[in-house]
Structures are given as structure tokens and as C-alpha cells.
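For this chain, numbers begin at 1 and follow the sequence in order.
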Amino acid sequence: MNLSVLKIIDLKKDDFFVPQYVELRNHYVDLLLTDSVTVDETKAWLVKANIEVRCFVDNHVLVGVVILYLDKEGEVAFFVKKRNRGLGSQLLKVIEDVAKEKRLNSLWAWVTSSNLAAQKTFAKNGYLLEGETERRFRNKIFRGFVFRKKV
């Protein structure tokens with residue numbers, strides 16, 4: 001996959017890729033600590049939520065997603081079709097530009113302690129480890145790390 005030929009789309013403006021988004025997102029529900037969603041739920045979320053969603057598309061195939069939660073003080077999350085190809089780093093650069101346009105001062109992410117790939121990606125891209133915290137999901141406690149970066 002050649003990163004220089006990837007197309008960046010705004011999922012809120014181009015819902016053609018919503019089914020692929022849903023499939024990819026639902027693949028990562030355990031790492032995202034979330035429930036599976038449907039295409040209809042996602043379309044409604046895109047209209048209502050105070051978010052920005054950017055995707056990388058390679059030849060009509062969605063290969064990566066980054067979400068900026070504007071109502072969660074700049075929280076970000078990303079997920080990719082194939083790991084260890086530099087997509088996460090590129091997605092973070094894209095959403096950092098969006099954050100600057102939205103006049104945010106910083107971005108942050110909560111990453112499960114088991115998600116070493118995401119931890120490395122955030123650290124490699126200038127996000128500083130703030131500490132370890134816990135989140136509760138489905139009556140279980142998950143340990144994770146908070147990363148933050150000034151933009």
C-alpha cells in the first residue's frame with residue numbers, strides 16, 4: 001500500500017464508505033471498549049455527534065479511520081485495516097490538522113494496556129504518556145494509558 005496515493009475522506013460528508021467503516025470498527029470493539037454498531041446507527045451518529053471522522057481510502061477500500069471527539073475535550077481514536085504500515089501515524093497527522101482548524105489546544109487518547117501497537121503509534125507521534133487509568137465496560141475493569149499532545 002502506497003501511503004502517498006491514499007485518498008482522505010470526511011465520513012460525515014461522504015457516507016458511501018459507512019458500511020466499510022462499520023465493518024472495520026466492529027472488528028475492533030474489544031480494543032475500543034464499545035458495542036457493535038449498525039450502518040443506520042452510524043449514519044445517525046454522524047449527523048448528531050460533535051465529532052470529526054477522517055478515513056483513508058485505497059482504491060475504493062477504506063483502510064483506516066481516525067475520530068476526533070470534540071465534545072470529549074479532543075479525545076482521539078484510530079483503527080486500521082492492517083497494522084504496522086504507518087497508517088496510524090498518518091491518520092494522527094490528518095486529525096491534528098483538523099484539531100488546529102477547530103482551535104483545540106491538545107489531543108488525548110485512552111489506550112488499553114494490551115494495545116501495544118496503538119501505544120507505540122501515539123508515543124512515536126509526540127503524544128506523552130500522562131498515566132495509567134481504568135475504564136469500566138460491561139461490568140469489567142480495563143487498565144489503560146492516557147496519551148496527550150499539544151497541537
Once you round to the nearest 0.5 Å, how far does CG of D14 lie from NZ of K7? 6.5 Å
Straight-line distance of L87 CG to T121 OG1, nearest 0.5 Å: 10.0 Å
Per-pair distances, 0.1 Å, donor-acceptor, side chain in residues 133-147, under 3.5 Å, sequence neighbours excluded:
from : atom 1 : to   : atom 2 : distance (Å)
T133 : OG1    : W110 : NE1    : 2.7
E134 : OE2    : R143 : NH1    : 2.5
R135 : NH2    : E75  : OE2    : 3.3
R138 : NE     : D35  : OD1    : 3.3
R138 : NH2    : D35  : OD1    : 2.6
R143 : NE     : E132 : OE2    : 2.9
R143 : NH2    : E132 : OE2    : 3.2

Across all chains, not counting sequence neighbours, the side chain to side chain donor-acceptor pair (under 3.5 Å) partners of E73 are none
What I'd like to find out is whether the side chain of N125 reaches to under 4.5 Å of the side chain of K93, using heavy atoms alone. yes
Hey, is the main chain of H60 close enough, under 3.5 Å, to the side chain of Q20 for a donor-acceptor pair? yes
Taking the hydrophobic residues Ile, Leu, Val, Met, Phe, Trp and Tyr, and joining any pair whose side-chain heavy atoms are under 4.5 Å apart, which ones share a cluster with F79? I9, L11, F16, F17, V18, Y21, V22, L24, Y28, L31, L32, V37, V39, W45, L46, I51, V53, V57, L62, V65, I67, Y69
Approximate separation, where rounding is to 0.5 Å, of L91 CG and L6 CG: 8.5 Å
Do V66 and I8 sit in one hydrophobic cluster, given that two such residues count as connected whenever their side-chain heavy atoms are within less than 4.5 Å of each other, even indirectly? yes
Does V61 belong to the same Ile/Leu/Val/Met/Phe/Trp/Tyr cluster as F78, with side-chain heavy atoms less than 4.5 Å apart forming each link? yes
Check this for me: E23, atom CD, are more than 12 non-hydrogen atoms of other residues, nucleotides or ligands nearer than 6.0 Å? no
Are K82 and V63 close enough that some pair of their side-chain heavy atoms sits under 4.5 Å apart? no
